[in-house]
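Scroll down for the structure; my scribbles are underneath it.
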Amino acid sequence: MKRYMKYVKPYWKSFVVGPALMITEVVGEVLLPAYMANIINVGAVQHDLAYIIRMGLVMLLTAAVMMAGGVGGAYFSARAAISFAADLRRDVFEKVQNFSFQNIDTFSTGSLITRLTNDITQVQNVIMMGLRLLLRAPGMLVGAVIMAFIMNPELALILLVVIPLLAAAIACVIAIAFPRFEWMQKKIDALNSRIQEALVGVRIIKSFVRGEFEEEKFARANEDLKQAGLNAFKVVIFNMPIMMLAMYVTTLAVVWSGGRQVLFGTMPVGDLTAFTTYIVQVLMSLMMLAMVLLQSSRAVAGLKRITEVLDTEIDLSDDGASGKDALVTHGAIEFRNVSFSYYNKESVQTVKGGEDSSASAQQVLSNLSFRIEAGETVGIIGATGCGKTSLVQLIPRLYDVDSGGVFVDGIDVRDYSLRHLRDGVGMVLQKNVLFSGTIADNLRWGDESADMDQIRAAASAAQAADFVASFPEGYETNLSQGGVNVSGGQKQRLCIARALLKKPRILILDDSTSAVDTATEAEIRRCFANELKSTTKIIIAQRITSVMDADKILVMEDGRIVDMGRHEELLGRCQAYREIHESQTGREVGA
């Protein structure tokens, strides 16, 4: 818990003032029954109206002070809890932003969303409730017990029997409920993952008319959550009946025993009334403590999951980098005996959809060695799954190699700072992603200080200027989340323009013109050749026409480079390349 104290320190005044103000309610709760007893024992018995009015005013004043303290305590408790949660949520989000791809692979998107929202909200609610009841419930318990023993030690002995029994019952409920709450949070993960997947893929679902299928999958996840919730709360619901039973039985015992004392004249009627109130206060304070502990058991389950994120060791960082001030100046690239697998440990525990599963190492690149000179255009071609994308992701250190080394301008990429390395590399990923906002806002991801002339130039080079100009609002056109209101080809060209605006020394296009017609793609390649002569360009493509003009082409199979060279050279000596060419052009080489 020490790690979470840093979220308390900035708001320590609220953490102190909130509970302190609640003490006024405790004092009032303890004093009011005594005042009432005096009104009955003195004012009513002696028919002293002035005394009754005087004590009534004292009670009203006490109630007013209690109200002011309660409102103030609730405000400062809410302020402390909400501020704590906001800072924690910020740090968890920042941690996720620093995750490597491999770190992200260990959590499902739905799980991370649940941890950032539901889990932190549970912690916030418990802190808020805890601060309000931190001093009130124990204070009322202790104060009521003391007053009960002062008034009638014989009757107060009943509490010494009831309190331990109730404490044992509450402990049993919490012990059973805790693991069930933890399981319920995992089911919330699974449901969030299902919702996220269905909403992101809603257009595919509709186009394949798979709505009913997705509804059934959602229904199963929803039913699992319902059953997990019922399984957890059916234990919790026993808490209230147990407390109420104890309250009624204790009250009956007090009234029966105290009533006899009143009849024998050994106990005033007002004291019995006050004593009954103190008994209720003792049991109510226990009920409040039980409520806090039960909610805490759920919050602890959430806090454990939050801690998992915060404790995740980021496997890509600047630690150990010997050239943190180095910049990518030319763009020369060299792979030296590089091997890579997505899980480079014997086993990795992953959290997918809220359930743990084991994933073993699977090597996708094996002993690769090649060199790309600065300013060269290099094509990479091969069958789906041969490791093309994995290869280029090693250049900006989206993943790290298992063995060997990747060098940029003669420096191992692990010796660059991540910021300087990635500033020098522009990458258009296989999955094109745009964000909600204007087209200009999206393009400025490449350079946040770019003016409109620079934005238009980048769009023109990516062959996006014409279709942007056709929109009524041009570059101020708002894009929906994910860029769903533009076509696939338009989205690809905007992503290319965004990368060009970055002015990188290395530009990587990962099958990023697959949705663009061949004429537009040819124009994009022509602009690259004319305007990006000093930029190293790596083009992954399925179409052989996309790479045939490259200075060098790498042909990959099963994580290995089977050959490399120019188009004409590969046609003459590489059977795999020749087969790709013939299958796409329909012409045999030499025919």
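Remember, predicted model here, so these are calculated numbers, not experimental data.
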Would you say Gln584 and Ile580 make side-chain contact, with heavy atoms under 4.5 Å? yes
Here the pair of heavy atoms bringing Arg560 nearest to Leu368 is CA-CD2, 3.8 Å
Strictly distance-based, threshold 3.5 Å: is any side-chain N or O of Lys187 a donor or acceptor partner for the main-chain N or O of Asp224? no
Kindly confirm or rule out a cation-pi arrangement of Arg336 over Phe407, judged by NZ or CZ under 6.0 Å from the six-membered ring centre and within 45° of its axis? yes
I would like to know whether Arg414 and Asp400 meet salt bridge (charged side-chain N to carboxylate O under 4.0 Å, His left out); could you show each step before the answer? CA-CA 8 Å; Arg414 289 167 291 195; Asp400 261 344; 5.1 Å; no
Looking at side-chain heavy atoms only, is the closest gap between Ile333 and Ile538 below 4.5 Å? yes
Please work out which of the three classes, parallel, tilted or perpendicular, describes the rings of Tyr4 and Phe84, given edges at 30° and 60°. tilted
In plain terms, say whether Arg305 and Glu308 are close enough for a salt bridge, that is, a side-chain N and a carboxylate O under 4.0 Å apart. no
Is it true that atom NZ of Lys217 has more than 12 heavy atoms of other residues, nucleotides or ligands lying nearer than 6.0 Å? yes
Tell me whether Arg566 contacts the main-chain N or O of Ile553 through its side chain, where contact means a donor paired with an acceptor under 3.5 Å. no
Are the side chains of Ile439 and Leu494 in touch, meaning some heavy atoms are under 4.5 Å apart? yes
Surrounding CG of Asp466 (heavy atoms of other residues, nucleotides or ligands, distance under 6.0 Å), is the total greater than 12? no
If you count the non-hydrogen atoms of other residues, nucleotides and ligands that lie under 6.0 Å from CD in Gln227, is the total more than 12? yes
Quick one about Thr520 and Asp517 (side-chain donor to acceptor, distance below 3.5 Å, no hydrogens or angles considered), yes or no? yes
For Lys502 and Val425, indicate whether the former's side chain and the latter's backbone hold a donor-acceptor pair under 3.5 Å. yes
Any non-hydrogen side-chain atom of Val555 less than 4.5 Å from a side-chain atom of Leu570? yes
Gln542 and Ile381 have their tightest heavy-atom pair at O-CD1, 4.1 Å
Return yes if some donor-acceptor pair links the side-chain N/O of Thr536 with the main-chain N/O of Gly375 below 3.5 Å, else return no. yes
Taking the six-membered ring for Trp, are Phe435 and Trp445 parallel (under 30°), tilted (30 to 60°) or perpendicular (over 60°)? parallel
Spatial distance of atom OG1 (Thr121) from atom CD1 (Ile82) [nearest 0.5 Å]: 10.0 Å
The test is side-chain contact (heavy atoms from CB on, under 4.5 Å); show your working for Met564 and Val378 and say whether it passes. CA-CA 10 Å; Met564 69 178 72; Val378 176; over 6 Å; no
Between Asp87 (side chain only) and Tyr7 (backbone N and O only), is there a donor and an acceptor less than 3.5 Å apart? no
Point-to-point distance, once rounded to the nearest 0.5 Å, from OG of Ser436 to CG of Asp441: 9.5 Å
Do Glu376 and Lys552 meet the salt-bridge criterion of a basic N to acidic O distance under 4.0 Å? yes
For Ser369 and Asn337, test the side chains for any donor-to-acceptor distance below 3.5 angstrom and give the result as yes or no. yes
Residues Asp447 and Ser449: side-chain donor-acceptor under 3.5 angstrom: yes
Whether Glu223 and Arg220 form a salt bridge (side-chain N of Lys/Arg under 4.0 Å from carboxylate O of Asp/Glu) is what I want to check. no
Flag side-chain contact, heavy atom, 4.5 Å: Ile506 against Thr535: no
Heavy-atom closest pair (Ala464 atom, Arg493 atom, distance to 0.1 Å) is CB-CB, 4.0 Å
Could you tell me the separation between the CD atom of Gln490 and the OG atom of Ser487, rounded to the nearest 0.5 Å? 3.5 Å
Could you check if a side-chain atom of Val328 sits within less than 4.5 angstrom of a side-chain atom of Asp423, using non-hydrogen atoms only? no
Is Glu94 atom CD crowded by more than 12 heavy atoms from other residues, nucleotides or ligands, each under 6.0 Å away? yes
Can you tell me if Glu568 has over 12 outside heavy atoms packed within less than 6.0 Å of its CD? yes
Partners meeting ring-ring contact (aromatic ring centres under 6.0 Å, His included) with His330 (sequence neighbours left out): none
Identify, with sequence neighbours excluded, every residue that meets salt bridge (Lys or Arg N to Asp or Glu O under 4.0 Å) alongside Arg371. Glu334, Glu373
Between Asp402 and Ser339, do the side chains contain a donor N or O and an acceptor N or O under 3.5 Å apart? no
Any side-chain to backbone donor/acceptor pair from Lys537 onto Arg525? Under 3.5 Å, distance only. no
Any salt bridge linking Asp510 with Lys388? Criterion: basic side-chain nitrogen under 4.0 Å from a carboxylate oxygen. no
Steps toward side-chain contact (heavy atoms from CB on, under 4.5 Å) verdict (Leu398, Val392): CA-CA 9 Å; Leu398 299 181; Val392 296; over 6 Å; no
Shortest non-hydrogen pair, Ala497 vs Ala462, comes out as N-CB, 3.6 Å
Test item: Met556 and Val562 side chains (from C-beta on) under 4.5 Å apart, heavy atoms: no
Phe93 atom CZ: more than 12 heavy-atom contacts under 6.0 Å: no
Ser470 side chain to Phe467 backbone, donor-acceptor under 3.5 Å: yes
Rounded to the nearest 0.5 Å, how far does OG of Ser512 lie from CG of Leu429? 9.5 Å
Any chance CZ of Arg419 has more than 12 other-residue heavy atoms, nucleotides or ligands included, within less than 6.0 Å? no
Are the side chain of Asp551 and the backbone N or O of Thr377 linked by a donor-acceptor pair below 3.5 Å? yes
To the nearest 0.5 Å, what is the distance between CD1 (Ile195) and CG (Asn222)? 8.0 Å
So that I can tick it off, tell me whether Glu523 and Arg526 are bridged by a salt bridge, with the cut-off set at under 4.0 angstrom between side-chain N and carboxylate O. yes
Results of side chain to side chain donor-acceptor pair (under 3.5 Å) for Arg543 - residues two or more places apart only: Glu521
Please confirm whether the backbone N or O of Pro396 pairs with a side-chain atom of Arg422, one donor and one acceptor, at under 3.5 Å? yes
Ile113 vs Asn118 side-chain heavy atoms within contact, under 4.5 Å: no
Enter the distance from Leu571:CG to Glu582:CD here, rounded to the nearest 0.5 Å. 8.5 Å
Evaluate Asp119 against Leu303 for side-chain contact (heavy atoms from CB on, under 4.5 Å), listing each step before the verdict. CA-CA 7 Å; Asp119 289 347; Leu303 200 61; over 6 Å; no
Which is it for Leu112 and Val309 under the side-chain contact (heavy atoms from CB on, under 4.5 Å) test, yes or no, and what are the steps along the way? CA-CA 8 Å; Leu112 289 174; Val309 177; 4.2 Å; yes
Between Leu394 and Tyr399, which heavy-atom pair has the shortest distance, and what is it? CD2-O, 3.6 Å
Give the minimum heavy-atom separation between Tyr416 and Ala326, together with the two atoms involved. CD2-O, 3.6 Å
